[in-house]
Amino acid sequence: MVHSRRTFIKTATVAGAATLFDVGRLSAASFVRPDVATVKKHDLDAYSKAIKAMQALPNTNPLSWAYQAAIHGTTLSGSQPGWNTCQHGTPYFWSWHRMYLYWFERIVRKMSGDKKFALPYWNYESPSERQLPAPFRDMASPLYTANRGAGWNTGAASLSASAVDTSGFMPLVPYFNAQSGCEGTPHAAVHVSIGGWMGSVPTAAQDPIFYLHHANIDRLWNLWLKQGGMRSDPINDAAWRTTKFLFFDENGAQVWMTGCDILRAEDQLNYTYENEGAQVNQYCLKPLPWWIYEVKLWPVRFPPIKLPPGPDPAPYEIDLGQQRDQLLSAVRNATTQVTLDLSGVEADKQPNIFWEIYLGLPKGAAAAPNSPQFVGTMALFGHGIHDAHQHGGFKPAAFSFPINRAVQAALTREKGNALSLRFVPRGAVVTNQRTVVRSEATLTIGSAQLATRQLKAQ
Ligand code: C2O
């Protein structure tokens with residue numbers, strides 16, 4: 001039986017009958033954030049120089065390295081304006097981090113004395129860029145920190161293909177779904193894979209690689225939007241548009257920003273990314289036609305799951321019951337997005353690994369992310385962990401994985417009403433090290449449901 005509930009989510013696009021968006025000018029911006037692999041060493045010297053200068057300032061100076069990192073999160077006691085304000089698991093994940101990087105980059109530009117400085121991005125989706133970029137491994141450089149997981153500073157560690165996979169969130173159309181998908185993979189999976197300071201919110205922004213990781217997450221926002229097909233920033237959401245966040249400019253003066261200030265990176269913030277092409281421009285103030293998503297929720301029989309510490313837990317089963325055939329026709333419909341939503345996800349401490357998730361993997365089949373049964377990864381960062389001092393208090397994590405492909409492959413192949421659900425612990429890929437990947441914590445998943453989103457113009 002399909003329990004159905006209709007939710008109407010209005011998503012805005014700019015006015016205009018034929019075109020949904022303005023497409024921006026090509027590279028009129030003054031600053032082009034480069035792929036770190038194409039950056040010559042002397043360009044990273046400007047970043048190094050700024051880090052050194054920032055580290056020499058007292059913690060109470062907004063231009064200091066410690067203060068800037070503390071805006072994201074800190075274990076320092078005391079409180080200064082703007083500290084501990086990063087946004088995870090909220091509507092502001094992409095927008096807050098865009099604002100944060102923008103002011104950080106201006107401060108680095110000033111502190112380095114290099115007026116042309118633009119923050120590089122770490123393009124780890126490219127298989128040749130899965131190791132920590134070499135200049136960050138040089139012990140003599142300010143780009144280095146010993147606070148990283150095993151193998152990262154020797155070059156032995158690299159990111160797994162599943163940790164940097166963007167195919168999970170890119171197809172998602174509603175903004176908040178896509179944002180939360182990207183916050184999970186690659187964002188959280190990369191944090192957890194690197195570990196050390198990067199593995200926890202209150203310390204992450206002390207590692208100089210943090211800002212290159214986030215430049216890439218910011219670039220992925222642009223690339224997601226650029227796919228079109230009814231994708232839009234949430235400019236019809238009043239809270240998203242108007243909530244103000246505090247930062248500091250390069251002179252140490254307070255600045256407040258809202259979502260409307262950062263919609264158009266090139267037009268409003270004067271930067272683009274190398275190789276990104278023209279950006280999509282959206283405007284808060286234009287009249288908005290509405291799009292509608294019809295959301296149907298499909299409850300599934302799913303006991304709360306506990307993934308014990310250790311390697312490879314046994315597979316679980318999702319019982320589809322009478323919904324099997326309806327689900328199969330839903331996943332076959334090209335305009336319907338079907339997701340597996342896991343909520344109430346929590347652990348007592350950082351598991352220090354992430355899980356690859358496979359739906360409908362046949363018994364005995366190898367769990368490889370190039371399998372059609374791979375649906376994404378689950379990593380905890382910023383919420384869902386009880387012992388991390390999270391500002392704003394504890395909140396369980398939630399994940400949503402697109403499953404059209406996996407369900408179609410499994411139900412076409414098998415006759416039954418059950419889908420196996422398998423969680424495979426993974427970490428960084430470390431060469432010459434044959435260790436079993438183990439979770440260090442028990443993970444609880446409170447509930448699961450399947451959801452379908454049908455997109456239609458009103
Ligand atoms: Cu606010 Cu990648 O973290």
Side-chain angles (χ1 to χ4, degrees), residues 33 36 65-76 82-105 119-125 132-133 136 145 147-149 152 159 163-166 168-169 176 178-222 224 243 245-248 257 259 262 350-352 354 377-385 388-395 397-399 428:
R33 293 182 178 175
V36 67
W65 187 256
Y67 199 114
Q68 282 296 307
I71 289 176
H72 187 264
T74 186
T75 54
L76 291 172
W83 280 17
N84 291 307
T85 52
C86 69
Q87 298 292 311
H88 297 111
T90 78
Y92 314 104
F93 169 72
W94 264 336
S95 58
W96 186 89
H97 288 84
R98 171 168 290 182
M99 299 169 192
Y100 180 53
L101 251 61
Y102 172 71
W103 294 108
F104 173 83
E105 185 183 48
L119 193 62
Y121 66 92
W122 184 9
N123 187 20
Y124 33 64
E125 234 179 314
L132 192 69
F136 291 77
T145 168
N147 294 292
R148 293 174 180 142
W152 285 103
L159 295 163
V164 298
D165 181 46
T166 61
F169 83 87
F176 295 118
Q179 172 181 248
S180 115
C182 180
E183 183 177 353
T185 313
H187 171 256
V190 168
H191 272 287
V192 169
S193 296
I194 296 171
W197 275 347
M198 278 287 275
S200 138
V201 169
T203 54
Q206 292 181 70
D207 188 332
I209 197 62
F210 173 94
Y211 302 91
L212 281 72
H213 173 34
H214 270 277
N216 192 49
I217 296 299
D218 186 66
R219 184 182 71 100
L220 292 173
W221 176 10
N222 287 355
W224 168 79
T243 300
F245 296 102
L246 175 64
F247 300 92
F248 291 85
M257 280 196 135
I262 52 91
Q350 174 55 264
N352 279 321
F354 62 89
T377 76
M378 182 171 67
L380 294 184
F381 181 79
H383 42 284
I385 306 173
H389 357 99
Q390 305 301 336
H391 47 266
F394 174 81
K395 207 172 28 167
F399 300 88

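In this text the structure is predicted, and so the values were computed from the model without any measurement. Both counts, for ligands and for their atoms, begin at 1 and track the order of listing.
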Check: Which residues satisfy the salt bridge (charged side-chain N to carboxylate O under 4.0 Å, His left out) test with Asp218, sequence neighbours excluded?
Finding: Arg33, Arg98
Notebook entry, point to check: Would Asn222 and Arg219 count as a side chain to side chain donor-acceptor pair (under 3.5 Å) if you check the C-alpha gap in whole Å, the side-chain angles of each, and the deciding distance to 0.1 Å?
Noted result: CA-CA 5 Å; Asn222 287 355; Arg219 184 182 71 100; over 6 Å; no
Margin query: So, applying ring-ring contact (aromatic ring centres under 6.0 Å, His included) with His72, which one of Trp103, Phe210, Trp83, Phe247 is it?
Written below: Phe210
Notebook entry, point to check: From atom 2 (Cu) of ligand 1, how many protein N/O/S atoms are found at a distance short of 2.8 Å?
Noted result: 3
Check: Cut-off 3.5 Å, side chains only: do Gln350 and Ser200 have a donor facing an acceptor?
Finding: no
Next item on the list: Kindly assign one of parallel, tilted or perpendicular to the pair Tyr100 and Tyr211, based on the angle between their ring planes and the thresholds 30° and 60°.
Entry: tilted
Next item on the list: State, yes or no, whether a side-chain contact exists between Cys182 and Trp224 at a heavy-atom distance under 4.5 Å.
Entry: no
